[in-house]
Amino acid sequence: MSVFHLIIFICFLLSISYLVFLTSASWCTPSAFPQQTTRQFEQRTECFWEFQEESNIWVEVKLPFDLVSCVNDNCTKVGLIDQTSKTEEEHLANGKDVSNKTKNLKMREGDLTGLEENSYTVLPLRRRMSLTKMSDTSVWVTGESGSIYERFWNGVQWVIAPHDLQISAGRAVSVLIVNQTIFAISEEGNLYQMKLTDWVELKPAFNQSTNKEAEQSSVIQMKSGTVSYDGLRVYFCTKTGLLLELSEVEPPRWENHGRPPGADVAAIADMARIRTDLVYTISSTGDLYEYDKSSRPSWKKHLQSEETDKDGSLVPLQGCMIYGLSGDHSVSLFLLTKGGKLVERRLHQRKWKWITHGSPEDHHLTSITPLLEDELKERFFSLFLTTSTGSVFEYQIPKHLGTAQEDQISEAWQNHMHPPNAKAARGIPGLKFQLGRILFALDDGRLAELHLPGLGGQNSGPTNQFNRKKLSSKYIWSILDAPESEGWNGEYCTEERGPMNCIAGIKDEPNDSGNIRSLTRRRKGTKAQQDYLSLGTSRSRLVKASEEYRFPDNWINTSFRLRLVQAGVSFFIITEAGLIFEYLYTESVWLWLRHDHSTPMRGALGNYNGSVFFVDVYGTLLIRERSNNELAWINCTAMRKGRQIIGGPPWDGMSGKLKVTAEDALFFVSKSGRLLQFSVALRKFKWKDCHNPPETKLACIIDQEVFRENIVFVVGRNGRLYQYNKVTELWHEHHQSQHLVLSRLPGTAMRPSFFSLTGSLFMLSEDGGLVEYHWNAWNGWNWVEHGTPSKDVTLVAPPSPCIKGNQLFLIGSDGNIYLRYMDQLIWRWKNCGFPQNGDGDTRDQTEMGANDRMQEVCMDNDPTANLDINLENPNDQNRKCDPKVAPTRPIPFSEDSVIFELRDGRLAEIQKVQDSKWVWQRIIGTPTSSCKGCYLTGLAS
C-alpha cells in the first residue's frame, strides 16, 4: 500500500504542475508581448575583444566600436558598441529623446544654417592629452600623437619647443614637474626623467621592508601621477592598482603604499594642501578611499549615500579640493559620477557628508579643472568643467555657503560653449595657468584659451598686474596652434637670433639700410579660427554636383600611368591595354622589363620601401614586390576589410627624404568615395576605413603627409577641399569661396624647407586654371588663383612635382608644357613647348600684367641634339609620331628632371641646367608607342 500511495501522490503533484503551467500560459496574452520587445539591451561592460586573423590573437578594442557586416566586399554598419554610461545627452547623439526645450533652444538661435549638425555628438576619449604648468611662462603639453612639447614665452611671443621621448620609449601620456625636475609617463607605463636634454628611464626601487607586493612584479607600469601642492613629492597609481610615492628625486626615494583592502587605486582624486601625506583615491569600481600613512588602518573607505548612489559610482578622474567653502575649517572635494553629475564630499565640523550638485540640463560632465590658489573672484569659487560633447561650463559656488547666499545665484551653471569650429577634448581637465586665463585641449589636437578680454590670446604674454575692477566677467575663446606632430601649423622655435628664439626672442633689429623692421610673427586670431570649418557648417554646399559627378573612363590611367620607384634608376608605366612595363637602368644599360599579371592594370598608385602598389580594371589593389630573389604579387583587396579602389597618393616623396616609422601607411580612395588607410609598416598589412565628409564623397587625394605631417588633403566630388587628421581621425573642411570649384585631379605640395611649415598646395580649378592654397606663419591660409598661361590655353593634367621649392610644370591644352616659377617674389609663366619644337620664341609673363614680357629660352637651341640616339630618323613620314605632350600626370625622375608622356606614347625627359632654365634631355621609346624606336625588353620573373 505504501508504494501505491506513493504513486498516487506523484501523479497528484504532476497534475498540479500541469494546471500551474496552463494558468501561467493563460496570462501570456498578445498584449503582453510588446512589453518584452520594448525592453532594451543594457550594456554592463566596456571590455570587448576582436579576433585578428592575420596575427591569430585577440585584441581589446577601443570604444566606441563600429559593428560592420561585409558580404561580397559590400560592407555596412549594423551596430555600435559605446561606453556604458548613457545619459540623455548621449541619446541625443543617436537622434533619440530630443526634448522640447532643446528644440525650442534651436529655434531661438534664429539661424539654423549656422547650427552645427554634430552639436550633440559624443566625442571620443583622448587618452594621451595632458596640460602641465611649469611656470607662468611655460606650459608642457602631451598631444594625442604621444609627442611632448612646451609652450614658452620668450619675452616676445609664445614659441613651441619639442621634447619628445626617444622612439624606443613610445608615446607619452602625461608630464609631471616635481621641484624643477621633469618626468614623463609613456603609454607602456614607463617613467622617464629629463636630464639635461635627454630622457632617462627611471625604474622604481624599494627597500626590502616596503617592497612587499612590488617584489612580485619585476616591471612596475605607471598609469598616472599627481604632484603634491608643495611641489616636492609625487604620487603614482600603477596599472596594477598600487599607490606609489616618490618623496625625493636625487637620489630617488620610493615608497609603496599598496592598495585598499579588497580594492585598487585607479586614479588619484586629490591630496590635502595642509597634510601632504593625506591622499584621496578612487577605485576602478568607483569608490572613494582615503590614505593616511600616520593612522591605523591607513586606508579608509568613504561610503556613498543613497542620494549619490543613484547618480552612479565615481569616475576615476582627478577631482578638485577647496578649503573654507562652508566654513573656515571645512574641506570640500569635488568629484564626478559615471552619470555625469558633479558631487561634493564635504568635511564640516568633523562630519563627512555627500552633496549632489548635478549637471547642466542635457549635458554629461567629464572633467574638472583644478583651481589656482589665488582666484580672481572674491565672492565665488568657479569650477570649469568639460562635457562629453565638447562644451565648457562654469559652476559658481559662493564662499561660506548659506541659504541666503545660495539664493543670490540665479544661474549657477554658465555655458561658455566652445571655440568656433572646435570642441574641448572629452575627459581632459583644463589648466588655469593665470588668473582669468584657462587652457583647454581641443578634440582636434589644438589648444584653446578661455580668457577675459584683454588678458589672453595667442599674442598676449604672462600678465602680472591688472586692475580687477575694470575686468569684464565675460570670457572669450582664442585658438592656439599645435605643432606638426598633431597635424597642425605651429612651428618649432629655433636657435637663431630673432623672435622665434627658444630662449630669448628679439622683437626688432635693424636691416642693412639702418631701418627697424619688425620680425615678430603675429597670427590674426580670428583669421586662424575661420580657416578650418567643422563638417556641417559650410554654407556653400554643392551636394547636387557631388552626386552627379562622374569620372572619365580613363581617369585612373591618366592620373596614375607613371610611377617612380628609384630616382634615376627605375620607374613604371601602365599602357592603355593594361600592360605593366618597368624602365630600368642595370649594368650600364637602359631596358624595358615587362611584369605580367592575369588581369589588366589601370594605374600605379604608390611606392613604399621598394614595393609598388597597382590597381587593376576591377579596382583590386595589388603589391608587386621581390621575395627571396623572385617577384611576387600580393592581393590587398582580398585581405580582411579590403576594398575596391580608384585612386591613391599622388607622390611618394624623393628617395631618402621620408623617414620610416611604425605607423607608416598609404591612403587610397575607394569606389564608394571613402578614404581608406592601408598600414604597411613592418609588413603588418591592415585596412582601416577613414570614412568621408558627410556632405560629399571623395574624388582624389591632393597630398599625403608631404605638405603637413599626419594630414591627408583631399578633394570631394563637390569640388571642395578637405583634410583628414591621422592622429585625431577627424575631418575638416577648408574655407573656400563659393565660386571656386576644384577639379577632381591630384595635386602637388610645395614646401621649400622641411624645417619650415611655409608652403603651398597646387591644384587645378574646374575651368582649367592653376590654383594655389598657401600657408605662412604671418597670414595663415590664403587662396591664390594663378589662372592660365594665356587666354587660349587651359591646363589639362595634374601639376608636376615641385622642383626646388619654387617651380612646377603644367600641361596645356595645346600640347606644350608650361613652367610656373617664382623669380624675385614674383610668379612667372614660361612656355617650354614640347621636345621637337625648335621655336626658341618662348615667352615669360609675370603677374604684373600681359604687357610686362621678356624673351627667354626654355629648351636647347638644337632640340634634337640630346634625343635618344637609338631612335629612327625623325623625318621619316611613315612614322606615326606626335611629339606634343599628352595630358598624363608627369613624375619626377631625379631632383632636377621630370618625365612626361607624349601623345604618340613615347616619353620625354626635361632637365634643369640653371635656376629656371630647362632643356629637353632625351626622348625614350616605349614598347607600345605608335612611333617605333629601338629599345631592349625583358620579362620580369
Side-chain angles (χ1 to χ4, degrees), residues 126-167 169-177 180-187 192-199 225 422 424-425 428-431 433 437-449 457-459 461-462 478-496 499-505 521 523 528 659 661 663 705 708-711 725-728 754-757 777:
R126 304 297 185 189
R127 302 184 184 276
R128 303 187 192 102
M129 291 182 176
S130 70
L131 301 170
T132 305
K133 178 182 176 181
M134 186 176 188
S135 64
D136 287 346
T137 60
S138 175
V139 175
W140 288 61
V141 183
T142 58
E144 183 62 16
S145 67
S147 66
I148 303 175
Y149 63 93
E150 176 188 6
R151 292 192 77 250
F152 176 72
W153 179 259
N154 65 3
V156 174
Q157 64 183 48
W158 290 100
V159 295
I160 299 176
H163 300 289
D164 290 340
L165 295 175
Q166 52 266 33
I167 298 177
R171 299 167 173 171
V173 295
S174 64
V175 171
L176 304 167
I177 301 176
Q180 302 302 315
T181 302
I182 303 172
F183 296 94
I185 301 177
S186 70
E187 196 169 31
Y192 294 87
Q193 178 183 351
M194 176 171 279
K195 294 186 176 181
L196 298 178
T197 59
D198 298 325
W199 291 101
I428 307 300
L431 175 66
F433 74 101
R437 305 180 68 175
I438 313 168
L439 283 180
F440 289 94
L442 295 182
D443 184 61
D444 60 20
R446 292 177 292 180
L447 302 179
E449 183 178 346
Q458 175 65 33
N459 302 324
S478 294
I479 292 183
L480 312 177
D481 228 335
E484 190 179 12
S485 62
E486 312 305 311
W488 293 99
N489 307 306
E491 294 192 351
Y492 290 125
C493 60
T494 66
E495 296 180 358
E496 298 178 359
M500 292 289 290
N501 188 271
C502 293
I503 299 176
R521 298 184 178 184
R523 287 289 308 276
K659 60 182 180 180
T661 67
E663 289 81 28
E705 300 186 86
R708 195 68 81 238
E709 185 180 355
N710 294 318
I711 295 295
N725 190 316
K726 278 178 55 178
V727 177
T728 60
F754 283 90
F755 301 102
S756 174
L757 301 183

Which atom names give the shortest non-hydrogen contact between [X] and [Y], and what distance separates them?
{"X": "A422", "Y": "D444", "value": "CB-OD2, 3.8 Å"}
{"X": "A448", "Y": "L442", "value": "CB-CD2, 3.6 Å"}
{"X": "M134", "Y": "I177", "value": "CB-CD1, 3.4 Å"}
{"X": "F152", "Y": "I503", "value": "CE2-O, 3.4 Å"}
{"X": "A482", "Y": "Y149", "value": "CB-OH, 3.8 Å"}

| task | Scan side-chain atoms only and decide if S130 and T142 contain a donor-acceptor pair under the 3.5 Å cut-off. | result |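 Looking only at side-chain atoms, T142 and S130 do form a donor-acceptor pair, the distance falling under 3.5 Å.
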Are any side-chain N or O atoms of [X] and backbone N or O atoms of [Y], one a donor and one an acceptor, separated by less than 3.5 Å?
{"X": "R126", "Y": "T728", "result": "yes"}
{"X": "S485", "Y": "S147", "result": "no"}
{"X": "N154", "Y": "P499", "result": "yes"}
{"X": "E491", "Y": "L757", "result": "yes"}
{"X": "W153", "Y": "D136", "result": "no"}
{"X": "N501", "Y": "E496", "result": "yes"}

| message | Between S138 and E150, is the side-chain hydrogen bond (donor to acceptor under 3.5 Å, both in side chains) condition met? List the steps. | response | CA-CA 7 Å; S138 175; E150 176 188 6; 2.6 Å; yes
Gap separating the [atom1] atom of [X] from the [atom2] atom of [Y], nearest 0.5 angstrom:
{"X": "Y192", "Y": "L176", "atom1": "OH", "atom2": "CG", "value": "14.5 Å"}
{"X": "M500", "Y": "Y492", "atom1": "CE", "atom2": "OH", "value": "11.5 Å"}
{"X": "S145", "Y": "D164", "atom1": "OG", "atom2": "CG", "value": "7.0 Å"}
{"X": "L131", "Y": "I428", "atom1": "CG", "atom2": "CD1", "value": "8.0 Å"}
{"X": "R171", "Y": "L165", "atom1": "CZ", "atom2": "CG", "value": "12.0 Å"}
{"X": "R446", "Y": "N725", "atom1": "CZ", "atom2": "CG", "value": "10.0 Å"}

| message | Go through it in stages, so that I can follow the logic: the residues are N489 and R708, the test is side-chain contact (heavy atoms from CB on, under 4.5 Å), and I'd like the CA-CA distance, side-chain angles, deciding distance and then a yes or no. | response | CA-CA 8 Å; N489 307 306; R708 195 68 81 238; 2.8 Å; yes
| task | Have a look at K726 and tell me which of E484, E486, E663, E705 forms a salt bridge (charged side-chain N to carboxylate O under 4.0 Å, His left out) with it. | result |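 It is E705; the other options fail the test.
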| Does the pair L480 and W158 meet the rule for a side-chain contact (heavy atoms from CB on, under 4.5 Å), with working shown? | CA-CA 10 Å; L480 312 177; W158 290 100; over 6 Å; no
| task | Begin with the C-alpha distance, continue with both residues' side-chain angles, and end with the deciding distance and a verdict on side-chain contact (heavy atoms from CB on, under 4.5 Å) for R437 and L439. | result | CA-CA 7 Å; R437 305 180 68 175; L439 283 180; over 6 Å; no
| field | NZ/NE/NH1/NH2 to OD/OE distance under 4.0 Å, R151 and E449 | value |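 Not counted as a salt bridge, because no side-chain N and carboxylate O are separated by less than 4.0 Å.
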